[in-house]
Amino acid sequence: MKYIGLADCNNFFVSCERVFRPDLWGRPVVVLSSNDGAIVARSEEVKKLGVPMGVPYFKVRDELEKAGAKVFSSNFDLYSDISKRVMDTLHEELGVIYQYSVDEAFFTMEVKSVKEAKIELARLKTLIQKNVGVPLSFGLAPTMTLAKYASELEKRGSGVSVLTMKDWEVQRDTVSLSEIWGVGGATTQKMREHNLITVADFLSADNSRIEKIFGVNGTRLGSELRGIPAKMPENDEAQQKSIMSTRSFSKTTTSLAVLEEALAYHTARASEELRSSHSKAGKLSIMLGTNRHSEWVLQGATSESVLPYPTNDTIVLLREVERLARAIFVKDVPYKKAGVVLSQITADDHLQLDLFGSQQVSDNKLMSVIDTVNKNLGKDSITIGRARYKESWGSNHNFQSSRYTTSWSEIMRLR
DNA sequence: TCTGGGGTCCTAGGACCC
DNA sequence: TCTGGGGTCCTAGGACCC
């Protein structure tokens with residue numbers, strides 16, 4: 001029978017940090033979000049302390065210190081590299097995989113016997129642990145939603161769980177809907193108002209009632225929970241719909257010049273990524289944000305512009321970004337973040353030519369030279385205009401580990 | 001003092017058309 | 001004392017995920 005599997009790395013960012021700091025296995029470790037704002041990854045030891053996911057760091061700093069926890073700023077260069085190694089191994093061993101996030105991938109598997117499937121996945125788990133160095137868990141079930149649920153079951157145990165319909169039919173009476181993938185806070189609330197608490201409640205409710213209240217998401221959820229796939233892992237490298245680059249500043253600013261520098265930096269980042277995926281964007285948006293927890297919360301602004309023709313040229317985009325920024329900037333507002341979003345993305349080889357053939361279709365030589373130099377000599381060896389990262393508007397990252405695997409100057413030294 | 005960033009999908013409602 | 005209905009397209013915003 002065909003099953004859907006999920007491979008999910010345990011406490012991924014924490015595990016990545018531990019690969020190069022083996023002394024931290026068994027010790028409480030957390031990783032902070034960008035700007036050292038909130039907790040985004042916790043080791044088992046920290047979860048046991050009761051520190052919740054997503055809590056602002058400053059609220060739990062003392063508690064963590066008392067527990068002797070090690071704190072890291074996020075180090076995405078490191079995490080992406082480790083992620084790539086995990087995904088490469090999964091791909092080699094399982095064939096087609098669908099990478100769902102930096103630390104998760106779905107796949108399909110023909111299961112002849114549960115026992116054999118378990119042995120196979122346990123072997124794979126050991127292999128990744130040995131070759132890459134991070135622990136992961138596998139869940140195998142008839143649908144994506146159930147595979148997700150299954151993967152949680154053995155996180156602290158063997159790390160491999162196969163959920164058959166027979167198992168699930170026994171369990172689902174007591175599983176609460178809020179534990180299910182895709183059911184968040186707002187939906188849980190709404191379900192509660194309709195007296196739907198457990199999976200069994202949901203499944204015994206009338207189909208048309210579910211559809212009326214929860215729309216297509218409701219009917220899909222019902223199907224997935226009955227073991228009939230309503231979502232399938234897609235292996236094709238689907239075109240990304242949007243690319244964004246945004247960051248909070250360590251301190252607020254009221255200077256248009258500073259905001260323009262930050263926006264220029266994000267424009268460079270986003271268009272670089274656009275070029276590396278061999279595509280162009282038809283729409284550009286910028287955002288200036290204020291502190292969400294201050295009286296300025298509503299003073300943020302966004303603005304967008306449909307480009308005359310799709311482009312990935314940093315210079316063209318920079319010009320437009322500057323125009324938009326000047327239009328929405330308000331004097332004396334303390335801005336806390338800035339960002340750029342590129343959307344309406346099309347692959348280079350799928351571009352629509354306009355009727356008069358007047359648009360620029362050739363690749364910009366200057367851009368590809370800059371990309372090549374930066375690839376060979378390191379990030380930002382060449383920047384355009386003001387598009388260079390500056391600490392003056394940068395984020396806090398006070399506990400950052402080395403980029404052990406992606407930067408020669410930060411490689412681990414042995415003596 | 002200090003509260004992330006990067007995504008996707010769905011829906012409601014307005015503009016516009018015949 | 002009367003005020004269509006049906007359709008498309010677009011966008012803003014909500015919800016969710018990791």
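Everything numeric here is computed off the predicted structure, so don't read it as measured data. Convention: sequence-line order gives letters A, B, ...; per-chain numbering from 1. Side chains are part of it too, since the values below use all heavy atoms of this structure and drop only hydrogens, waters and symmetry mates.
Counting only distance, with no hydrogens or angles, the side chain of A:S74 and the backbone of A:F76 share no donor-acceptor pair below 3.5 Å.
Residue A:R269 is out of contact with every strand shown, counting any heavy-atom pair closer than 4.0 Å. If you check every strand for non-hydrogen atoms under 4.0 Å, A:F76 touches nothing. Looking at heavy-atom distances under 4.0 Å, A:E273 makes contact with sugar-phosphate atoms alone, never a base. Here A:L32 lies out of heavy-atom contact (under 4.0 Å) with every strand. Nucleic acid contact for A:K148: sugar-phosphate only, since backbone atoms but no base atoms lie under 4.0 Å from a heavy atom of the residue. Within the 4.0 angstrom heavy-atom criterion, no nucleotide atom of any strand lies near A:A38. Residue A:G339 is out of contact with every strand shown, counting any heavy-atom pair closer than 4.0 Å. Within 4.0 Å (heavy atoms only), A:N217 reaches sugar-phosphate atoms of the nucleic acid but no base atom. Using a 4.0 Å heavy-atom criterion, one finds that A:D36 contacts no nucleic acid atom at all. Within 4.0 Å of A:S74, counting heavy atoms only, lies no atom of the nucleic acid at all. The residue A:V55 sits apart from the nucleic acid: no heavy atom pair falls under 4.0 Å. If you check every strand for non-hydrogen atoms under 4.0 Å, A:V216 touches sugar and phosphate atoms only. As judged by a 4.0 angstrom heavy-atom cut-off over every strand, A:R61 is placed among the base-contacting residues. Among the heavy atoms of the strands, none lies under 4.0 Å from A:S395.
Residue A:P56 is the one, among A:P56 and A:S242, whose nearest nucleotide of DNA chain B lies closer to the 5' end (criterion: closest heavy atom). Both A:I39 and A:G215 sit near DNA chain B, but only A:I39 has its closest nucleotide nearer the 5' end.
Of the candidates A:R388, A:H266, A:K390, A:K390 is the only one forming a side-chain hydrogen bond (donor to acceptor under 3.5 Å, both in side chains) with A:E261.
Side-chain proximity of A:T246 to the nucleotides C:dC17, B:dG5, B:dT8 is greatest for B:dG5. Listed nucleotides C:dC16, C:dC18, B:dG5 differ in distance to A:R247; the shortest reach to its side chain belongs to B:dG5. Out of C:dA12, B:dG7, C:dC18, the shortest distance to the side chain of A:E304 is found at C:dA12. Of the candidates B:dC10, C:dA15, B:dG4, C:dA15 carries the atom nearest the A:T187 side chain, counting heavy atoms from C-beta on.
Across all strands shown, the partner of B:dC18 is C:dG5, judged by Watson-Crick or G-U wobble contacts whose two distances both fall under 3.5 Å.
The side chain of A:R292 contributes an N or O atom lying less than 4.0 Å from OP1 or OP2 of B:dG4. Between A:K241 and B:dC9 there is a side-chain polar atom (N or O) within less than 4.0 angstrom of OP1 or OP2. Contact between the side-chain N/O atoms of A:S248 and the OP1/OP2 oxygens of B:dT3 is not found at any separation under 4.0 Å. Using a 4.0 Å cut-off, no side-chain N or O of A:S33 falls inside it from OP1 or OP2 of B:dG5. Remark: A:K336 is in phosphate contact with B:dT3, judged by side-chain N or O atoms under 4.0 Å from OP1 or OP2.
Summarising the geometry, the separation between CG on A:D103 and C1' on C:dC18 is reported as 7 Å, rounded to the nearest angstrom. Rounded to an integer number of Å, the gap from NZ of A:K190 to C1' of C:dG14 is 11 Å. The nearest whole Å value for the distance from the NE2 atom in A:H266 to the P atom in B:dG5 is 8 Å. Atom pair A:I180:CD1 and C:dA15:C1' shows a separation of 17 Å (rounding to whole Å applied). Taking atom NZ of A:K212 as the reference point, atom C1' of B:dA12 lies 18 Å away to the nearest angstrom. The separation between A:W181 atom CH2 and B:dT8 atom C1' is 11 Å, rounded to whole Å. Across the protein-nucleic acid pair, A:N291 atom CG and B:dT1 atom P stand 12 Å apart, rounded to whole Å. Rounded to whole angstrom, the span from the NZ atom of A:K231 across to the P atom of B:dC9 amounts to 11 Å.
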Should A:E120 and A:R123 be marked as a salt bridge (charged side-chain N to carboxylate O under 4.0 Å, His left out) after you check the CA-CA gap, both sets of side-chain angles, and the distance that decides it? CA-CA 5 Å; A:E120 167 63 6; A:R123 180 190 69 81; 3.2 Å; yes
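The aromatic rings of A:F107 and A:F138 sit perpendicular, their planes meeting at an angle over 60°, well past the 30° parallel limit. Between A:F13 and A:Y79, the angle of the ring planes stays under 30°, which puts this pair in the parallel group of the 30/60° scheme.
Across B:dT3 and C:dC18, the matching P atoms stand 24 Å from one another, rounded to whole Å.
Figure legend: cation-pi geometry between A:K231 and A:W181, with NZ or CZ positioned under 6.0 Å from the six-membered ring centre and within 45° of its axis.
Judged by distance alone, the side chains of A:S137 and A:N10 do bring a donor and an acceptor atom under 3.5 Å apart.
Put simply, the side chain of A:N75 reaches to within 4.5 Å of the side chain of A:R403, judged on heavy atoms.
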